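Single-structure report; data block below.
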Amino acid sequence: MNIAYAPAAAVSNTGTATLNASFGDAVVQLKGQGRADPVARSGAKKWNPGHYAQLPVIYNDANIEEISKIPEIKGIMISYQWGNLEKKKGSYDFSRIRHDLGLLQARGKRLVLQIADKTYRSELENACVPPDMRTDAKYFGGQVSITLNTGRRGCIAKRWVPAVMDRLIALHNALGSQFDKEPFVEGIVTEESATSTAFTNGATARSYVDQLKRLGSALSTAYPSTLAAMQLNFRIEPHQAELVDHLYRNGIGFGGPDTSPLVKTSVVPTLSSAYARRTPILMAVNATHLTLYEDPIAEGILTLDDVFDFAVADPAGINANHLFWWFFKKQWNPGVSYDFYDTVALIKRRGGQINTSCPENILCGN
């Protein structure tokens with residue numbers, strides 16, 4: 001039987017604490033040590049809240065240079081596929097990250113890394129995990145193929161398999177050792193919790209959340225000076241409050257991929273509003289449900305101002321500290337109702353409003 005005993009006064013007590021308890025005729029003595037909270041365990045984290053761009057999976061240097069010229073945009077979130085970062089077990093290639101960081105730093109912009117173990121791009125459907133994990137039996141294939149109702153194919157790592165999570169944690173430890181102290185690396189963001197497929201290998205929502213909690217604890221250790229956040233939306237119910245609380249207690253933020261008053265999950269906006277100013281909230285404004293595959297803006301159901309209010313201004317909404325606007329153009333996507341430059345105009349018109357207060361579970365630096 002596992003019993004959690006964590007009164008607030010004991011959290012920072014590093015000495016051994018003893019709890020005597022009786023259950024019927026049985027007398028039990030429990031011993032344990034308090035654990036310092038994340039604010040005490042690490043120093044200040046880089047804290048530069050604001051509006052950022054999010055590049056699509058396929059991008060080039062010209063995209064980075066173009067966005068870097070926009071004063072209202074503080075930096076860019078770029079997605080890096082796990083299978084491209086680790087071609088052999090424990091052998092990491094972070095050269096692309098270094099290249100992108102150099103471009104941004106030279107222009108005074110910040111980089112947020114999204115470490116992707118999921119994709120909806122068919123050209124990356126074998127890159128959700130390193131190659132060796134797809135053939136080693138202990139990883140049970142390492143990843144699962146997914147096919148959307150649009151016909152697009154992709155994959156997702158089997159995060160619910162402990163051996164797979166071990167390797168993902170090792171990747172973050174390696175990234176942290178190289179990039180945590182980089183002043184222009186603002187944050188690390190995971191892929192969404194939604195799996196887009198059924199669990200495999202006997203996993204359940206319970207065991208999945210247990211593995212995500214392991215990842216949250218590991219992010220706290222790997223990135224003591226850098227913001228880290230988990231994208232949460234689906235497949236974690238009914239344990240979403242437990243997971244968010246665990247992240248909060250480890251100094252880890254959360255958010256999601258889809259900012260829209262019409263797309264509500266068990267996390268957004270219920271838990272995002274409850275944890276506003278308590279933990280970092282890093283949220284993406286993916287165009288998927290706003291104009292690319294659904295278009296409530298063209299239909300007059302929503303305006304971009306409604307989206308902005310839900311993300312930033314409404315206390316009952318997301319309360320974002322970092323907001324990532326999808327970089328796309330009308331000439332790339334004929335028929336869309338808006339594009340990235342419309343969102344830049346919106347940010348200007350709204351005076352660059354964002355929630356800047358330092359959350360209570362971290363210390364904020366520059």
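Please read these numbers as outputs of a predicted model, since none were measured by experiment.
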Quick one: [atom1] on [X] to [atom2] on [Y], what's the gap to the nearest 0.5 Å?
X	Y	atom1	atom2	answer
R206	E242	CZ	CD	4.0 Å
N355	I318	CG	CD1	10.5 Å
Y223	K45	OH	NZ	10.5 Å

(message) Hydrophobic clusters here meaning ILVMFWY residues chained together by side-chain heavy-atom distances under 4.5 Å, can you tell me if L113 and I169 are in one?
(response)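 Looking at the clustering, I169 is in the same group as L113.
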(message) I'd like to know if W325 and V336 are part of one continuous hydrophobic network [Ile/Leu/Val/Met/Phe/Trp/Tyr, side-chain heavy atoms within less than 4.5 Å].
(response)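 Same cluster.
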(request) List in chain and number order the residues that pass side chain to side chain donor-acceptor pair (under 3.5 Å) with E123, two or more places apart in sequence or in another chain; answer none if no residue qualifies. (result)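 Result, side chain to side chain donor-acceptor pair (under 3.5 Å) vs E123: R121.
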Over all heavy atoms of both residues, which pair between [X] and [Y] is shortest? Give the atoms and the distance, please.
X	Y	answer
C155	A127	SG-N, 4.4 Å
P183	K46	O-CD, 3.6 Å
L290	N286	CD1-O, 3.9 Å
T119	I146	O-CD1, 3.7 Å
L346	L304	CD2-O, 3.6 Å
G187	T226	CA-CG2, 3.6 Å

(request) Name all pairs fulfilling the ring pair (Phe, Tyr, Trp, His ring centres under 6.0 Å) condition that reach into residues 102-149, sequence neighbours left out, sorted by first residue then second. (result)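 For residues 102-149: none.
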(request) Among residues two or more places apart or on two chains, list those pairs meeting ring pair (Phe, Tyr, Trp, His ring centres under 6.0 Å) that have a residue in residues 186-206. (result)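 Only W160-F199, F199-Y208 qualify under ring pair (Phe, Tyr, Trp, His ring centres under 6.0 Å).
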(request) List the steps, then state whether side-chain contact (heavy atoms from CB on, under 4.5 Å) holds for I64 with D100. (result) CA-CA 8 Å; I64 294 175; D100 294 343; 3.7 Å; yes
(request) Please identify each residue that fulfils salt bridge (charged side-chain N to carboxylate O under 4.0 Å, His left out) with R159, with sequence neighbours left out. (result)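 R159: salt bridge (charged side-chain N to carboxylate O under 4.0 Å, His left out) contacts with D117.
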(request) Report the residues that fulfil salt bridge (charged side-chain N to carboxylate O under 4.0 Å, His left out) with E237, sequence neighbours left out, ordered by chain and then residue number. (result)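 E237 satisfies salt bridge (charged side-chain N to carboxylate O under 4.0 Å, His left out) with no residue once adjacent residues are dropped.
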(message) Does the Lys NZ or Arg CZ of R98 fall within the cation-pi geometry relative to F94 - under 6.0 Å from the ring centre and within 45° of the axis?
(response)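 Verdict for F94: no cation-pi partner in R98.
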(request) Determine, for Y248 and R278, whether the Lys NZ or Arg CZ falls below 6.0 Å from the six-membered ring centre while staying within 45 degrees of the axis. (result)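 Pair R278/Y248 counts as cation-pi.
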(message) For D61, I'd like to know if atom CG has over 12 heavy atoms of other residues, nucleotides or ligands within 6.0 Å.
(response)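 Counting other residues, nucleotides and ligands, CG of D61 exceeds 12 neighbours.
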(message) Can you list everything that forms a side-chain contact (heavy atoms from CB on, under 4.5 Å) with Q105? Sequence neighbours excluded, please.
(response)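 Partners of Q105 by the side-chain contact (heavy atoms from CB on, under 4.5 Å) criterion, ordered by chain and then number, come out as L101, E182, F184.
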(message) Does the plane of the ring in F308 sit parallel, tilted or perpendicular to the ring in H51? Use 30° and 60° as the thresholds.
(response)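 Parallel, since the angle between the ring planes stays under 30°.
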